[in-house]
Amino acid sequence: DQKRMIIWFPDMVKDVIGSYKKWCRSILRRTSLILARVFGLHLRLTSLHTMEFSLVKALEPEELDRGRGARESAVWNVLRILGLRPWKKHSTFGDVRKLITEEFVQQNYLKYQRVPHVEPPEYEFFWGSRASREISKMQIMEFLARVFKKDPQAWPSRYREALEEARALREANPTAHCPRNSVSED
């Protein structure tokens with residue numbers, strides 16, 4: 001984290017890429033994307049002359065947040081489990097795909113963005129500002145646990161996040177979570 005690590009392109013080709021040289025650019029793009037999502041690091045070309053790369057900590061909050069999205073294909077899979085087919089008209093919801101990718105986006109429940117540097121194009125959903133105000137991470141965890149018939153702790157990092165958010169909400173507004181007095185004041 002504190003040291004600047006230099007990675008030489010010839011070493012990457014020799015040790016990692018090997019016989020897949022013709023896919024080198026694609027491999028580097030994909031690797032950079034994964035490093036950014038999982039570890040909050042970017043693989044940057046620091047010197048074109050010496051073909052020197054380094055891992056740089058991502059500082060912008062929106063870049064650090066890139067890992068908090070859900071791939072479109074994963075969202076459609078969850079909906080299929082729930083009995084909704086994104087490409088078929090539903091008796092209650094109508095065009096499910098349009099509802100999610102357009103209506104929920106317009107109402108600021110979701111953000112729908114293309115994943116950069118990925119071919120063929122892929123898209124991700126991110127939580128919108130309105131959804132953040134109206135539902136907690138713990139409620140989402142409980143819903144997913146019911147859908148997948150698992151304990152919320154089956155997703156440890158997300159569960160810890162939900163607990164931290166719940167704790168922060170309680171500390172910010174301690175009276176909102178206290179049980180009401182059951183005795184009527186009539």
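What's counted below: heavy atoms across the whole structure, side chains too, no hydrogens, waters or symmetry copies.
For the residue pair Glu103 / Tyr109, no side-chain donor-acceptor distance below 3.5 Å is found, with atom types taken as modelled.
Heavy atoms from other residues, nucleotides or ligands lying under 6.0 Å from NE2 of His90 number more than 12.
Atom OG of Ser26 and atom CZ of Arg30 lie 7.0 Å apart (nearest 0.5 Å). How far NZ of Lys88 is from CZ of Arg80: 11.0 Å, rounded to the nearest 0.5 Å. Here the straight-line distance linking atom CG of Asn108 with atom CH2 of Trp127 works out to 13.0 Å at 0.5 Å rounding.
By the 4.5 Å heavy-atom criterion applied to side chains, Trp155 and Lys150 are counted as neighbours. Taking the side chain as every heavy atom from C-beta outward, Met138 and Tyr159 approach each other to under 4.5 Å.
Taking 4.0 Å as the cut-off between side-chain N and carboxylate O, Glu72 and Arg97 count as a salt-bridged pair. Ion pair Arg146/Glu142 not flagged as a salt bridge, since none of the NZ, NE, NH1 or NH2 atoms sits closer than 4.0 Å to an Asp/Glu carboxylate oxygen.
Judged by distance alone, the side chain of Glu102 and the main-chain N or O of Leu99 form no donor-acceptor pair under 3.5 Å. Not a single donor-acceptor pair under 3.5 Å links the side chain of Arg158 to the backbone N or O of Met141. Using modelled atom types, one side-chain atom of Glu165 and one backbone atom of Lys137 make a donor-acceptor pair closer than 3.5 Å.
Closest heavy-atom contact between Leu110 and Ile100: CD1-CG2, 3.7 Å. The minimum heavy-atom distance linking Pro86 with Asp95 is given by the pair O-OD1, 4.2 Å.
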Leu84 and Phe93: CA distance, side-chain angles, deciding distance, side chain to side chain contact (heavy atoms under 4.5 Å, CB included) verdict: CA-CA 9 Å; Leu84 298 170; Phe93 303 114; 3.7 Å; yes

Side chain to side chain contact (heavy atoms under 4.5 Å, CB included) between Phe125 and Lys111, worked out: CA-CA 5 Å; Phe125 290 102; Lys111 294 177 191 169; over 6 Å; no

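Relative ring orientation between Tyr112 and Tyr123 is described as parallel, the plane-to-plane angle staying below 30° on a 0-90° scale split at 30° and 60°.
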